[in-house]
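Residues take their numbers from the sequence shown, with the count starting at 1.
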Amino acid sequence: MKILLLEDDFLYASSIKDYLTSLNYEVTLLADADSACELIASTFFHLYILDVKLFGTNGFEVLKYIKELKITSPIMMMTSLSDINSIKKAYELGCNEYLKKPFELDELKFRINELLSHFYPDINNLFYLKNNYSYDFKNKILKQDDKIIDLTLIELNIIEYLLLNKTRFCKADELFTLVNMQNDESYIRVYIRRIRAKTNENFILSKRGFGYKINE
């Protein structure tokens with residue numbers, strides 16, 4: 001899942017980013033509000049983590065901007081400000097979580113898990129891939145951001161099989177039963193080309209002698 005982290009303390013921000021990356025989140029780190037707002041206007045994120053005290057402005061202004069764009073993704077504010085007025089302002093502007101510095105990284109993880117499970121209840125049924133693709137196993141839906149990719153059942157079955165075996169290349173003969181065709185690799189290549197045409201050329205990787213693999 002994609003997280004935007006806005007924090008101008010480089011060392012502090014780097015430690016948070018490294019930790020969240022180790023948890024398999026895709027983290028974009030920015031240090032100033034202008035750059036953040038520009039990216040927010042053009043890029044989808046599942047979660048925003050904003051520091052309140054920033055050089056030249058504050059995280060409350062970025063929070064207001066997110067709400068003006070009618071973005072519904074959850075927003076977490078983090079700050080050393082612990083007075084009731086700051087907390088009240090954050091929630092009145094629409095934040096979903098307020099984390100006081102300093103905090104343990106494990107606490108951050110638990111807060112993020114709680115937010116994401118609330119806003120994305122099907123999170124455990126989803127696979128997140130490169131280039132903003134996600135696959136919903138429960139409903140058999142492939143999306144890029146919020147756009148559903150129109151795929152046939154056979155194409156979906158191939159994607160599912162490759163996702164369930166995402167750590168390795170799958171040989172063509174493993175996929176024959178998925179395409180309801182004779183044992184001819186040319187049929188597999190046809191479906192792989194169709195999937196790539198609907199997604200992108202690198203959505204499925206191929207390696208001669210090894211087979212096919214989802215690009216995660």
Counting only heavy atoms not in Lys140, do more than 12 sit closer than 6.0 Å to its NZ atom?
yes
Got more than 12 heavy atoms from elsewhere within 6.0 Å of NZ, Lys100?
no
For [X], which residues count as a side chain to side chain donor-acceptor pair (under 3.5 Å) partner, sequence neighbours excluded?
X      : value
Tyr91  : none
Arg196 : Ser206
Arg168 : Asn165, Glu174
Lys2   : Asn132

Of all residues at least two apart in sequence or in a different chain, which pass the ring-ring contact (aromatic ring centres under 6.0 Å, His included) check with [X]?
X      : answer
Phe137 : Phe127, Tyr135
Phe60  : none
Tyr98  : none

4.5 Å side-chain heavy-atom contact, [X] and [Y]:
X      : Y      : answer
Ile66  : Leu50  : yes
Ile16  : Met78  : yes
Asn113 : Lys109 : yes
Leu142 : Ile159 : yes
Tyr48  : Ile71  : yes
Cys170 : Tyr161 : yes
Leu63  : Met77  : yes
Ile49  : Leu4   : no

Which pair of non-hydrogen atoms, one from [X] and one from [Y], has the smallest distance, and what is that distance?
X      : Y     : answer
Asp8   : Ala31 : CB-O, 3.4 Å
Leu115 : Pro74 : CD2-CB, 4.2 Å
Thr57  : Ala33 : CG2-CB, 3.1 Å
Ala13  : Leu29 : CB-CD1, 3.5 Å

Residue pair Ile3, Glu26: steps toward the side chain to side chain contact (heavy atoms under 4.5 Å, CB included) verdict
CA-CA 6 Å; Ile3 296 176; Glu26 182 182 339; over 6 Å; no
[X] [atom1] to [Y] [atom2] distance, which is reported to the nearest 0.5 Å:
X      : Y      : atom1 : atom2 : result
Glu97  : Leu47  : CD    : CG    : 10.0 Å
Leu30  : Leu6   : CG    : CG    : 6.5 Å
Leu162 : Phe203 : CG    : CZ    : 8.5 Å
Asn131 : Asn215 : CG    : CG    : 7.5 Å
Ser134 : Asp136 : OG    : CG    : 7.5 Å
Lys88  : Glu92  : NZ    : CD    : 5.0 Å

Flag, side chain of Lys67 to backbone of Leu93, donor-acceptor distance under 3.5 Å
no
Ignoring hydrogens and geometry, is there a side-chain-to-backbone donor-acceptor pair from Glu7 to Tyr12 under 3.5 Å?
no
Sorted by first residue and then second, give each salt bridge (Lys or Arg N to Asp or Glu O under 4.0 Å) pair with at least one member in residues 28-54; sequence neighbours left out.
Asp51-Lys101
Please list all pairs passing the salt bridge (Lys or Arg N to Asp or Glu O under 4.0 Å) test where one or both residues lie in residues 141-157, with sequence neighbours left out.
Glu155-Lys198
So that I know where these two stand, are His46 and Tyr25 an aromatic pair - ring centroids less than 6.0 Å apart?
no
Answer with yes or no whether the hydrophobic clustering places [X] together with [Y]; edges join I, L, V, M, F, W, Y residues whose side-chain heavy atoms lie under 4.5 Å apart.
X      : Y      : result
Phe110 : Phe103 : no
Leu163 : Phe210 : no
Val190 : Tyr212 : no
Leu205 : Ile149 : no
Leu156 : Leu129 : yes

Which other residues end up in the same hydrophobic cluster as Phe10, if Ile, Leu, Val, Met, Phe, Trp and Tyr are linked when side-chain heavy atoms come under 4.5 Å apart?
Leu11
Would you mind listing the cluster partners of Ile148? Hydrophobic ones only (ILVMFWY), side-chain contacts under 4.5 Å, chaining allowed.
Ile141
How would you list, by chain and number, every residue that makes a salt bridge (Lys or Arg N to Asp or Glu O under 4.0 Å) with Lys130, sequence neighbours excluded?
none
For Leu175 and Tyr187, what are the C-alpha separation, side-chain angles and deciding distance, and is it a side chain to side chain contact (heavy atoms under 4.5 Å, CB included)?
CA-CA 10 Å; Leu175 306 176; Tyr187 288 105; over 6 Å; no
Full working for side chain to side chain contact (heavy atoms under 4.5 Å, CB included) between Met76 and Ile112:
CA-CA 8 Å; Met76 178 186 292; Ile112 289 175; 4.0 Å; yes
Under-4.0 Å salt bridge between Glu107 and Arg111
yes
Test Thr199 against Tyr133 for side chain to side chain contact (heavy atoms under 4.5 Å, CB included), laying out the working first.
CA-CA 9 Å; Thr199 54; Tyr133 286 100; 3.6 Å; yes
Could you tell me if Tyr19 and Asp106 have a donor-acceptor pair between their side chains, going purely by distance under 3.5 Å?
yes
